[in-house]
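First the structure, which I've put down as structure tokens, then a few questions once you've had a look.
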Amino acid sequence: MIPRVRKAVFPAAGLGTRFLPATKAQPKEMLPLVDKPLIQYGVEEAIQSGIQNILIVTGRGKSAIEDHFDVSFELEHLLESRGKIEMLQAVRSVSDMIDVAYIRQKEALGLGHAVLRAKDLVGPEPFAVVLSDDVIDARTPCLRQLLDVYQYFGASVVALLEVPEDSVSAYGIVDAEPVDFNGSRENLFRIRNMVEKPARGQAPSRLAIIGRYVLTPEIFPALESVEPGAGGEIQLTDGLKHLLRSRPVYGLRFEGKRYDAGDKLGFLQATVEFALRRPDLGGAFREYLNSLNPPVAQ
Ligand code: UTP
């Protein structure tokens, strides 16, 4: 029987240099998209995908994340006494949402190193990894789509996004062959190899790995055998390459729209599109955008 995925690891210990100075004292995962921090979108996606056991790898600004998912007695008391019941519910739903544990990554030694820090809490079972600066809007949560592939093959699966030729060198790019799944050969691939940030013209495809993974526990010894690269960093892609030697790894071109909210432009795009879609804000925001000269929203 294929074991169920019960846990999701949220690496949130990166330095977030692309967002300085906002990320000097708080992790970029706490930047608010409209009115919720990025990490909450990721946690909600995990919950909607059937995972409630959340492990957050923290670095600087650990307390902001912990406080966010904790009960805030003072705030709840204040809202209650002022009769702000809707706000009270919004605040409570955050702390009621999850069973959360925190792991410390003392030094930002790479995404692979951050995942490895979760080894003892994950144990010998499959698990998900969610990078919450990749915000994904999809009818079926992206992580759920990956879990469906995992449930079928019992193997590791990464999320793939087709990127333009001139962006390949910003990603890990896969060399992969299509596989039949759900009556089509369009979206699922078996990965043969992967290259981290290839030069333009050297990439084996335009399929980039983005921040959703379902991994079998063999990834831990694979990560342990990776030699640290520049700056002592251990990359998850290198761990996956090791894993590929002994286990199949699949890639799913998921259905949905991904925003790179760890980048200023991507963050702004996500902010505008999420705000326009909000029933309580969209109308007024669209009106405002249209009042700009020339108008920017239809
Ligand atoms: P990024 O590659 O976006 O790096 O990390 P970063 O340091 O966060 O941001 P920039 O590039 O300097 O602006 C991808 C994910 O891996 C986590 C980050 O928090 C983010 O979720 N990460 C990265 C860690 O948890 N630890 C690390 O050592 C590196």
Side-chain angles (χ1 to χ4, degrees), residues 7-33 37-46 54-66 68-69 100-119 121-122 127-136 142-143 158-159 161 163 167-173 194-198 208-213 215 219-220 223-224 226-240 258-268 270:
K7 299 173 182 171
V9 175
F10 284 71
L15 296 176
T17 53
R18 283 170 294 163
F19 246 110
L20 282 168
T23 46
K24 186 179 168 203
Q26 62 162 356
K28 70 176 161 192
E29 287 75 8
M30 284 304 292
L31 293 172
L33 199 54
L38 294 178
I39 194 161
Q40 190 173 336
Y41 289 89
V43 166
E44 288 176 2
E45 182 183 325
I54 305 292
L55 311 175
I56 302 178
V57 184
T58 59
R60 296 150 11 282
K62 167 188 154 90
S63 56
I65 297 183
E66 284 197 4
H68 183 71
F69 290 111
V100 59
Y102 297 92
I103 307 150
R104 191 78 164 160
Q105 186 191 23
K106 285 193 199 125
E107 254 186 290
L109 290 178
L111 175 57
H113 182 263
V115 171
L116 198 47
R117 296 287 300 123
K119 179 183 167 190
L121 282 182
V122 169
F127 63 104
V129 174
V130 176
L131 306 189
S132 32
D133 50 348
D134 275 333
V135 177
I136 300 172
C142 179
L143 188 54
V158 304
L161 177 73
V163 298
S167 305
V168 287
S169 42
Y171 295 92
I173 302 289
M194 44 187 87
V195 193
E196 184 66 20
K197 302 189 171 66
I209 302 175
I210 61 115
R212 299 291 183 279
Y213 310 77
L215 301 172
I219 191 68
F220 293 124
L223 283 169
E224 279 163 343
V226 167
E227 289 291 325
E233 289 205 357
I234 295 176
Q235 300 305 339
L236 185 55
T237 314
D238 291 335
L240 286 166
R258 171 258 192 181
Y259 301 85
D260 179 6
D263 168 79
K264 283 175 203 163
L265 182 60
F267 184 85
L268 287 171

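Order of listing sets the numbers, starting from 1, for every ligand and every atom in it. Note that this is a predicted model, so its numbers are computed, not measured.
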Write none if no such pair exists; otherwise list each N/O atom of ligand 1 with its protein N/O partner under 3.5 Å and the distance.
{"residue": "ligand 1", "atom": "3 (O)", "partner": "Arg18", "partner atom": "NH2", "Å": "2.9"}
{"residue": "ligand 1", "atom": "3 (O)", "partner": "Lys28", "partner atom": "NZ", "Å": "2.8"}
{"residue": "ligand 1", "atom": "7 (O)", "partner": "Leu15", "partner atom": "N", "Å": "2.9"}
{"residue": "ligand 1", "atom": "7 (O)", "partner": "Gly16", "partner atom": "N", "Å": "3.2"}
{"residue": "ligand 1", "atom": "8 (O)", "partner": "Lys28", "partner atom": "NZ", "Å": "2.9"}
{"residue": "ligand 1", "atom": "9 (O)", "partner": "Gly16", "partner atom": "N", "Å": "3.4"}
{"residue": "ligand 1", "atom": "9 (O)", "partner": "Lys28", "partner atom": "NZ", "Å": "3.1"}
{"residue": "ligand 1", "atom": "11 (O)", "partner": "Arg18", "partner atom": "NE", "Å": "3.1"}
{"residue": "ligand 1", "atom": "11 (O)", "partner": "Arg18", "partner atom": "NH2", "Å": "3.4"}
{"residue": "ligand 1", "atom": "12 (O)", "partner": "Thr17", "partner atom": "N", "Å": "2.7"}
{"residue": "ligand 1", "atom": "12 (O)", "partner": "Thr17", "partner atom": "OG1", "Å": "2.5"}
{"residue": "ligand 1", "atom": "13 (O)", "partner": "Thr17", "partner atom": "N", "Å": "3.0"}
{"residue": "ligand 1", "atom": "13 (O)", "partner": "Arg18", "partner atom": "N", "Å": "2.7"}
{"residue": "ligand 1", "atom": "13 (O)", "partner": "Arg18", "partner atom": "NE", "Å": "3.0"}
{"residue": "ligand 1", "atom": "19 (O)", "partner": "Ala13", "partner atom": "N", "Å": "3.3"}
{"residue": "ligand 1", "atom": "19 (O)", "partner": "Gly14", "partner atom": "N", "Å": "2.9"}
{"residue": "ligand 1", "atom": "19 (O)", "partner": "Glu29", "partner atom": "OE2", "Å": "2.9"}
{"residue": "ligand 1", "atom": "21 (O)", "partner": "Pro11", "partner atom": "O", "Å": "2.9"}
{"residue": "ligand 1", "atom": "21 (O)", "partner": "Glu29", "partner atom": "OE2", "Å": "2.9"}
{"residue": "ligand 1", "atom": "25 (O)", "partner": "Ala13", "partner atom": "N", "Å": "2.9"}
{"residue": "ligand 1", "atom": "26 (N)", "partner": "Gln105", "partner atom": "OE1", "Å": "2.7"}
{"residue": "ligand 1", "atom": "28 (O)", "partner": "Gln105", "partner atom": "OE1", "Å": "3.4"}
{"residue": "ligand 1", "atom": "28 (O)", "partner": "Gln105", "partner atom": "NE2", "Å": "3.3"}
{"residue": "ligand 1", "atom": "28 (O)", "partner": "Leu109", "partner atom": "N", "Å": "3.2"}
{"residue": "ligand 1", "atom": "28 (O)", "partner": "Gly110", "partner atom": "N", "Å": "2.7"}
{"residue": "ligand 1", "atom": "28 (O)", "partner": "Gly110", "partner atom": "O", "Å": "3.3"}

CG/Leu240 to CD/Gln235 distance, rounded to the nearest 0.5 angstrom? 11.0 Å
By side chain to side chain contact (heavy atoms under 4.5 Å, CB included) - contacts of Ala159 (at least two apart):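 Listed in chain order: Cys142, Leu146, Ile210, Arg212, Phe254.
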Walk me through it: do Val168 and Val163 pass the test side-chain contact (heavy atoms from CB on, under 4.5 Å)? CA-CA 7 Å; Val168 287; Val163 298; 4.1 Å; yes
Show the nearest heavy-atom pair for residues Ala46 and Ala8, with the distance to one decimal. CB-CB, 4.5 Å
Pairs satisfying side-chain hydrogen bond (donor to acceptor under 3.5 Å, both in side chains), at least one member in residues 7-22, at least two apart: Lys7-Glu125
Identify each donor-acceptor pair in which a side-chain atom of residues 127-134 lies under 3.5 Å from a protein atom, sequence neighbours left out, and give them as a table.
{"residue": "Asp133", "atom": "OD2", "partner": "Lys28", "partner atom": "NZ", "Å": "2.8"}
{"residue": "Asp134", "atom": "OD1", "partner": "Arg258", "partner atom": "NE", "Å": "2.8"}
{"residue": "Asp134", "atom": "OD1", "partner": "Arg258", "partner atom": "NH2", "Å": "2.8"}
{"residue": "Asp134", "atom": "OD2", "partner": "Gly211", "partner atom": "N", "Å": "2.7"}

